[in-house]
J.: 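Following this message is one structure expressed as structure tokens.
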Amino acid sequence: MTAFGSQEMSAPLQRVLMRRPGASLRAADPAKWHYGPTFDGERAVAQYSAFAEMVEQSGAEIIWLEDDGDGLADAMFTHDPSLMSDHGAILLRMGKPLRVAETALHEKAYAERQIPILGRITGDGTVEGGDCIWLDAKTLVIGRGVRTNQEGIDQITRILAPHGVSVLAYDLPLWQGEEACLHLMSVMSPLADNLALVFAPLLPAAFYQLLKKRGIELIEAPADEFHASNGLSLNVLPTKPYEVIMVDGFPATRAAMEAAGCTVQTFEADALCIACEGGPTCLTRPVLRRAA
């Protein structure tokens, strides 16, 4: 089978890069990493195991990065340090200084598996994977905000242009401030080619209009659950179209997706996702998404 390739968001997840949290997360200082009051290192590791089992049961092959005590507590959020294309990986440069070293972990994993590197973000440019959404195979949408800047967007545009990919950039609101993290994927989760879960009040207006023009059905995330979870109720991982994994505890959001035809699995994640500000999508870097 093809070992890599992903220019879509909801096709069957066949291969995925994940990092099993261990010593670095157990020893993490919540104040340093901006983790919330429900953080508990041991419980977070156990909750991650339950999530990883769901990913494995979906049929995806997991490429494991191990936590050997390098101190990179956020490195379990593998969605952010690299982006996969049909032509190879793009190594990103993180906007959160504590996370800059994570890109090297991805570069090593790709080299070990002969996955080519299409390009990398350098200099003052920053792009995080959570700000990138493939609207279709020829259109990458990027959110410009605290973690992704114009220089990074310009670089990724130049990397992808020779392959016929257009990059559209939209400004994100500051919302809860520079320390908190509002990615583009904090306000939109694609569930299928023509279906997405969104929190419209924080969506860039022009992007919202583009989604409507494209005929994508938008499920409005319940506002009370969105705010109660700091946006994590909306962070939903499709393992294939209409089959998704989400954090437990948000029944109205789950019901809205089920009403639109989705099958929803949940896992307990108060010590992991809610506390550490990253959901199921953040915990995965799709390496191969494609219909079998």
Side-chain angles (χ1 to χ4, degrees), residues 6-13 79 83 85 127-148 150 153 156-157 160-161 164-176 181-246 250-264 279-282 286 289 291:
S6 180
Q7 290 184 195
E8 47 196 318
M9 304 298 294
S10 61
L13 184 62
H79 198 82
L83 180 71
S85 78
V127 177
E128 293 193 356
D131 282 324
C132 301
I133 292 177
W134 290 101
L135 192 58
D136 58 45
K138 294 294 185 183
T139 311
L140 180 68
V141 177
I142 303 182
R144 182 173 42 235
V146 172
R147 301 290 183 84
T148 295
Q150 187 60 47
I153 293 167
I156 211 165
T157 301
L160 289 170
V165 173
S166 299
V167 175
L168 306 177
Y170 296 96
D171 285 320
L172 292 170
L174 187 60
W175 199 35
Q176 294 180 328
C181 182
L182 186 78
H183 282 133
L184 184 62
M185 292 198 71
S186 304
V187 292
M188 176 186 174
S189 278
L191 309 178
D193 281 348
N194 59 348
L195 182 68
L197 178 67
V198 301
F199 187 66
L202 291 178
L203 265 182
F207 183 39
Y208 177 82
Q209 291 172 320
L210 176 63
L211 294 172
K212 299 288 278 189
K213 184 178 179 183
R214 288 284 188 107
I216 296 171
E217 180 185 352
L218 303 180
I219 304 169
E220 296 273 359
D224 55 347
E225 292 186 351
F226 182 86
H227 289 295
S229 65
N230 281 329
L232 271 300
S233 62
L234 190 136
N235 194 288
V236 177
L237 174 71
T239 54
K240 55 174 64 82
Y242 297 97
E243 294 191 17
V244 304
I245 301 172
M246 73 176 294
F250 306 103
T253 305
R254 176 177 183 164
M257 289 190 287
E258 288 174 339
C262 293
T263 300
V264 183
T281 299
C282 308
R289 271 196 186 274

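Residues: numbered from 1 along the sequence shown.
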J.: P238 versus R289: any side-chain heavy-atom pair under 4.5 Å?
T.: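 Counting from C-beta outward, P238 and R289 do come under 4.5 Å.
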J.: Would the distance check show the side chain of T139 and the main-chain N or O of S166 forming a donor-acceptor pair, the cut-off being under 3.5 Å?
T.: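 The answer is no, because no donor-acceptor pair under 3.5 Å joins these two groups.
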J.: Taking all atoms of both residues into account, what is the closest heavy-atom pair of Y242 and A192, and its distance?
T.: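 Result for this residue pair: CE1-CB, 3.6 Å.
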J.: Applying side-chain contact (heavy atoms from CB on, under 4.5 Å), run through C262 and L195 and close with a yes or a no.
T.: CA-CA 10 Å; C262 293; L195 182 68; 3.8 Å; yes
J.: Taking atom CE of M246 and atom CZ of R254, what is their separation to the nearest 0.5 Å?
T.: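 Going from CE on M246 over to CZ on R254, the span is 8.0 Å.
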J.: To check you understand the geometry: which heavy-atom pair defines the closest contact between E220 and A200, and what is its length?
T.: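 Result for this residue pair: OE1-CB, 3.3 Å.
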J.: Could you tell me which non-hydrogen atom of P280 sits nearest to which non-hydrogen atom of I245, and how far apart they are?
T.: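 Looking at all heavy atoms of both residues, the closest pair is CG-O, 3.7 Å.
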J.: So, the side chain of R144 versus the backbone of Q150: is there a donor-acceptor pair under 3.5 Å, distance only?
T.: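 Judged by distance alone, no pair lies under 3.5 Å.
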J.: For S233, does its backbone N or O pair with a side-chain atom of E225 as donor and acceptor, under 3.5 Å?
T.: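 Absent.
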J.: Report yes if some heavy atom in the side chain of L135 is under 4.5 Å from a heavy atom in the side chain of L211; otherwise report no.
T.: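 When only atoms from C-beta onward are counted, L211 and L135 do touch, with a gap below 4.5 Å.
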J.: Looking at V236, is its backbone amide N or carbonyl O close enough to the side chain of T281 to form a donor-acceptor pair, meaning the two atoms are under 3.5 Å apart?
T.: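 Such a contact is found between T281 side chain and V236 backbone.
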J.: Where do Q7 and S85 come nearest, in terms of heavy atoms and distance?
T.: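 Smallest interatomic distance, heavy atoms only, reads OE1-CB, 3.5 Å.
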J.: Could you check if a side-chain atom of L234 sits within less than 4.5 angstrom of a side-chain atom of T253, using non-hydrogen atoms only?
T.: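 A side-chain contact under 4.5 Å is absent here.
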J.: Give the intermediate values and the outcome of side-chain contact (heavy atoms from CB on, under 4.5 Å) for residues L218 and Y208.
T.: CA-CA 9 Å; L218 303 180; Y208 177 82; 3.7 Å; yes
J.: When rounded to the nearest 0.5 angstrom, what distance separates CG in D193 from CH2 in W134?
T.: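 These two atoms lie 14.0 Å from each other.
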J.: Should P190 and I133 count as side-chain neighbours, where that means a heavy-atom distance under 4.5 Å?
T.: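 P190 vs I133: side chains touch.
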J.: Is any side-chain heavy atom of H79 less than 4.5 Å from a side-chain heavy atom of P286?
T.: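 Yes, side chains in contact.
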J.: With a 4.5 Å limit on heavy-atom distance, are the side chains of M188 and M9 in contact?
T.: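 When only atoms from C-beta onward are counted, M9 and M188 do not touch, as no gap falls below 4.5 Å.
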J.: Within the side chain of S189, is there an N or O that forms a donor-acceptor pair under 3.5 Å with the backbone of L197?
T.: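 No, the answer is negative, given that no donor and acceptor are paired below the 3.5 Å cut-off.
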J.: After noting the C-alpha distance and the side-chain angles of I153 and T148, does the key distance pass the side-chain contact (heavy atoms from CB on, under 4.5 Å) rule?
T.: CA-CA 7 Å; I153 293 167; T148 295; 3.8 Å; yes
J.: For Y170, does the OH atom sit with more than 12 other heavy atoms under 6.0 Å from it, leaving out its own atoms?
T.: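 For Y170, atom OH is crowded (more than 12 foreign heavy atoms under 6.0 Å).
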J.: When rounded to the nearest 0.5 angstrom, what distance separates CG in N194 from CD in E217?
T.: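 Interatomic distance, N194 CG to E217 CD, rounded to 0.5 Å: 7.0 Å.
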J.: Let me confirm one number: the CD-CZ distance from Q209 to R214, rounded to the nearest 0.5 Å.
T.: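 Spacing of CD (Q209) from CZ (R214) equals 14.0 Å.
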J.: Can you say whether the rings of H227 and F199 are parallel (under 30°), tilted (30 to 60°) or perpendicular (over 60°)?
T.: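 Ring orientation of H227 relative to F199: perpendicular.
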J.: I want to check something: taking the side chain as every heavy atom from C-beta on, are S186 and L202 in contact at a cut-off of under 4.5 Å?
T.: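 When only atoms from C-beta onward are counted, L202 and S186 do not touch, as no gap falls below 4.5 Å.
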J.: With a 4.5 Å heavy-atom cut-off, do L184 and C132 have their side chains touching?
T.: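 Not in contact.
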J.: Would F250 and L232 satisfy side-chain contact (heavy atoms from CB on, under 4.5 Å), going step by step from the backbone distance to the final call?
T.: CA-CA 9 Å; F250 306 103; L232 271 300; 5.6 Å; no
J.: Quick check on side-chain contact (heavy atoms from CB on, under 4.5 Å): which of V127, I142, L140 does L83 satisfy it with?
T.: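 It is L140; the other options fail the test.
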J.: If you take all heavy atoms of A256 and I219, which pair is closest and at what distance?
T.: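 Closest approach of A256 to I219: CB-CG2, 3.7 Å.
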